[in-house]
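What follows is one structure encoded as structure tokens, with my remarks underneath.
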Amino acid sequence: MATTHLGTQAVPSGYYLNASRWAIEPVATDGGRLPAGPGTWRRIPTALALLATPVLGLAFLMFLPLIGILLTLQAAVSPLAGLVHGSAAGMAATMSPGWQPGEAHLTGKRAERDAVEAQGPPAEADEELEALQREIERRRRS
């Protein structure tokens, strides 16, 4: 004989506990069926059923107001969180730097050397290039 039973299964008479639903179901006659639903049913002794029923009821009565308070707080805070999230996202969009094609904004600011290159190469590079150009022309002639 199985110790656990599924819903709508024919079982011998007795008391059955479904821990996932917190329910105790009495079955009056042999061959009676357990209620349909999720979870498995376990047969429990009558004395345990008489002790567990008030405990389950008391737990339900204790947690029902707590659940109500938590759901009310969630319903009140949810729209406020949406407002804060929406305004923060809008502010971040206006505060972010503009994107230009061909530029990589990995650090969030331009490198210092970019400003120097925009003005042109330094004077010593010009002298080196001219010397190199003279050397190339000299070798071509010889």
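All of these numbers come straight from a predicted model, not from anything done at the bench.
Across all their heavy atoms, Leu6 and Trp41 have their closest contact at C-CD1, 4.1 Å. Residues Ser20 and Pro38 approach most closely at OG-O, 3.7 Å, considering heavy atoms.
Checked against side chain to side chain donor-acceptor pair (under 3.5 Å), Arg139 has the following partners two or more places apart in sequence or in another chain: Glu135. Annotation: side chain to side chain donor-acceptor pair (under 3.5 Å) contacts of Ser13 (sequence neighbours excluded): Asp30. With sequence neighbours excluded, the residues satisfying side-chain contact (heavy atoms from CB on, under 4.5 Å) with Ala10 are Arg33. Taking Ser142 as the reference, nothing meets the side chain to side chain donor-acceptor pair (under 3.5 Å) condition, with sequence neighbours excluded. Residues satisfying the salt bridge (Lys or Arg N to Asp or Glu O under 4.0 Å) test with Arg140, not counting sequence neighbours, are none.
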Less than 3.5 Å apart, which donor and acceptor atoms pair up between the side chains of residues 50-76 and the rest of the protein, not counting sequence neighbours?
unit_1	atom_1	unit_2	atom_2	d
Thr53	OG1	Ala49	O	2.6
Thr72	OG1	Gly68	O	2.8

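Atom CD1 of residue Ile24 and atom CZ of residue Arg21 lie 12.0 Å apart, to the nearest 0.5 angstrom. The distance from the CG atom of Leu34 to the OH atom of Tyr16 is 6.5 Å, given to the nearest 0.5 Å. Taken from NE2 in His5 to CZ in Arg42, the straight-line distance is 9.5 Å, to the nearest 0.5 Å. Going from atom CG of Leu17 over to atom CG of Leu48 covers 7.5 Å, rounded to the nearest 0.5 Å.
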